[in-house]
Novice: 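This structure is in structure tokens; I'll ask about it shortly.
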Amino acid sequence: MTSDEQALAASGSGVDWSGVRERVAALRDAPFAEKVFGARWQGSGHDFLLEPSLSEAELTEVEEQLGVILPSDYRTFLLKVGAGGAGPFYGLFPLRRDGQGWHWSKHGKVRSDNALLGKPFPSVEERARWSEELDAREPVKDSFSDEQSYLTAYRAWDDEWEELNDEMTAGAICLSHEGCGYYTWLVVTGPERGTLWEDLRACDGLLQPLSAAGHRVSFGEWYLDWLAMATSQACGR
């Protein structure tokens, strides 16, 4: 890491993660642990288990491979708490290394595709413009001489939508599954770096920032708020 990159990694890392791993583990034996959403859903869930934490050398390797500096509160979480596991909704997708390198393991079997991670996270205005432009190019059946030509053009247009959906979350990490195909993303590039976004596109919803009291929510705030709520629920308070 260059000196500038080291300063970026360290800046804003004031979240106190001390004791968090132990607090999460203690919830496994809490009297109402099953009431915490995503913890023990139909015999599955994160069960308040956390992956081992990463070393500084491993985290440096992650950032060098991915070509990004992770937001400081998530970075220190990986170092001091764990590389994934217990957390909001169905937990945090773990950051792991295999023969192909570092990746986030989605649902335990799908490797994250990090090809777009270093690109700038698009603004709301950019995403809206891209959608409008692609919508305007939708093939019109009456413009084609036969059914097959129309279907071929429509499939090509539909494939563009798939590519655009990926571009919508360039510069962001898919961190957590909320259920029903909804996800939480952590932005790692651009002006929105360090903020969390809720992805409701599976049911024609929006990709929108998480906010509280008029400000964007950071990873540290999101995780610690979940831990406080989970503790209250699991202990019957």
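In what follows, every heavy atom counts, from backbone to side chain, and hydrogens, waters and symmetry copies are set aside.
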Novice: Please tell me if the side chains of Arg129 and Glu126 come closer than 4.5 Å, counting only heavy atoms from C-beta onward.
Specialist: yes
Novice: Rounded at 0.5 Å granularity, tell me how far CD in Glu221 sits from CZ in Arg216.
Specialist: 12.5 Å
Novice: Between Asp47 and Leu49, is there a donor-acceptor pair closer than 3.5 Å when you use the side chain of the first and the backbone of the second?
Specialist: no
Novice: Using the rule given for side-chain contact (heavy atoms from CB on, under 4.5 Å), can you reason through Leu186 versus Arg193, listing the C-alpha separation, both sets of side-chain angles and the distance that settles it, and then say yes or no?
Specialist: CA-CA 8 Å; Leu186 172 64; Arg193 184 178 184 275; over 6 Å; no
Novice: Can you name the residues that form a side-chain contact (heavy atoms from CB on, under 4.5 Å) with Leu210, not counting sequence neighbours?
Specialist: Thr184, Leu196, Glu198, Val217, Trp222
Novice: Are the side chains of Glu56 and Arg75 in touch, meaning some heavy atoms are under 4.5 Å apart?
Specialist: yes
Novice: Before giving the answer on side-chain contact (heavy atoms from CB on, under 4.5 Å), spell out for Thr152 and Phe144 the whole-Å C-alpha distance, their side-chain angles and the decisive distance to 0.1 Å.
Specialist: CA-CA 10 Å; Thr152 299; Phe144 293 84; over 6 Å; no
Novice: Contact between Phe77 and Leu92 at the side-chain level, heavy atoms closer than 4.5 Å - yes or no?
Specialist: yes
Novice: With a 4.5 Å limit on heavy-atom distance, are the side chains of Arg111 and Arg96 in contact?
Specialist: no
Novice: Nearest 0.5 Å please: distance from the OG atom of Ser143 over to the OH atom of Tyr150.
Specialist: 10.0 Å
Novice: Answer yes if the side chains of Trp185 and Thr169 hold a donor-acceptor pair under 3.5 Å, and no otherwise.
Specialist: no
Novice: Could you tell me which non-hydrogen atom of Leu54 sits nearest to which non-hydrogen atom of Leu79, and how far apart they are?
Specialist: O-CD2, 3.4 Å
Novice: Are Val20 and Leu59 grouped together when hydrophobic residues (ILVMFWY) are joined by side-chain heavy atoms under 4.5 angstrom apart?
Specialist: yes
Novice: Rounded to the nearest 0.5 Å, how far apart are NZ of Lys106 and SG of Cys174?
Specialist: 4.5 Å
Novice: Working to the nearest 0.5 angstrom, can you tell me the gap between Leu95 CG and Ser53 OG?
Specialist: 12.0 Å
Novice: Is Leu175 reachable from Leu206 through a run of hydrophobic residues whose side-chain heavy atoms are each under 4.5 Å from the next?
Specialist: no
Novice: Between Val187 and Pro71, which heavy-atom pair has the shortest distance, and what is it?
Specialist: O-CG, 3.6 Å
Novice: Could I get the full list of ring pair (Phe, Tyr, Trp, His ring centres under 6.0 Å) partners for Phe93, not counting sequence neighbours?
Specialist: His107
Novice: Apply the test salt bridge (Lys or Arg N to Asp or Glu O under 4.0 Å) to residues Glu167 and Lys119: give CA-CA distance (whole Å), side-chain angles for both, the deciding distance (0.1 Å), then the verdict.
Specialist: CA-CA 9 Å; Glu167 289 284 348; Lys119 296 186 65 174; 3.0 Å; yes
Novice: Partners of Trp197 by ring pair (Phe, Tyr, Trp, His ring centres under 6.0 Å), sequence neighbours excluded?
Specialist: Phe121
Novice: Which heavy atom in Cys235 sits nearest to a heavy atom in Ala30, and how many Å separate them?
Specialist: SG-CB, 4.4 Å
Novice: Only counting residues at least two apart or in another chain, list the ones meeting salt bridge (Lys or Arg N to Asp or Glu O under 4.0 Å) with Arg237.
Specialist: none
Novice: Heavy atoms, side chains only, cut-off 4.5 Å: are Arg201 and Met168 in contact?
Specialist: yes
Novice: For side-chain contact (heavy atoms from CB on, under 4.5 Å), just list the numbers for Leu207 and Leu200, CA-CA rounded to whole Å, side-chain angles, deciding distance to a tenth of an Å, and then say yes or no.
Specialist: CA-CA 6 Å; Leu207 180 64; Leu200 307 178; over 6 Å; no
Novice: Find out whether Trp130 and Pro122 are in side-chain contact, i.e. whether some heavy atom of one side chain is under 4.5 Å from a heavy atom of the other.
Specialist: yes
Novice: Where the side chain of Thr231 meets the backbone of Leu227, is there a donor-acceptor pair that is under 3.5 Å apart?
Specialist: yes
Novice: Quick one: OG on Ser55 to CG on Leu78, what's the gap to the nearest 0.5 Å?
Specialist: 11.0 Å
Novice: To the nearest 0.5 angstrom, please state how far the OH atom of Tyr183 sits from the NE2 atom of His177.
Specialist: 4.5 Å
Novice: Between Glu63 and Val68, which heavy-atom pair has the shortest distance, and what is it?
Specialist: CB-O, 3.1 Å
Novice: Might you point out which heavy atoms bring Phe89 and Ser176 nearest each other, and give the distance in Å?
Specialist: CB-OG, 3.9 Å
Novice: Can any side-chain N or O of Gln208 pair as donor or acceptor with the backbone N or O of Asp199 at less than 3.5 Å?
Specialist: no
Novice: Do Asn114 and Trp104 touch side chain to side chain, with heavy atoms closer than 4.5 Å?
Specialist: yes
Novice: May I ask whether Leu224 and Leu70 are part of the same hydrophobic cluster, defined by side-chain heavy atoms of I, L, V, M, F, W, Y residues being less than 4.5 angstrom apart, directly or through others?
Specialist: yes
Novice: Can you find a pair of side-chain heavy atoms, one from Thr195 and one from Phe219, that are under 4.5 Å apart?
Specialist: no
Novice: Report the residues that fulfil ring pair (Phe, Tyr, Trp, His ring centres under 6.0 Å) with Phe37, sequence neighbours left out, ordered by chain and then residue number.
Specialist: Tyr90
Novice: Could you pull out all donor-acceptor pairs under 3.5 Å where a side-chain atom in residues 154-162 meets a protein atom, sequence neighbours excluded?
Specialist:
unit_1 : atom_1 : unit_2 : atom_2 : d
Trp157 : NE1    : Leu134 : O      : 2.8
Glu160 : OE1    : Arg137 : NH2    : 2.5

Novice: Tell me, with the steps shown, if Tyr74 and Ser218 meet side-chain contact (heavy atoms from CB on, under 4.5 Å).
Specialist: CA-CA 9 Å; Tyr74 180 55; Ser218 67; over 6 Å; no
Novice: What is the minimum heavy-atom distance between Leu27 and Ala234, and which atoms define it?
Specialist: CD2-CB, 4.0 Å
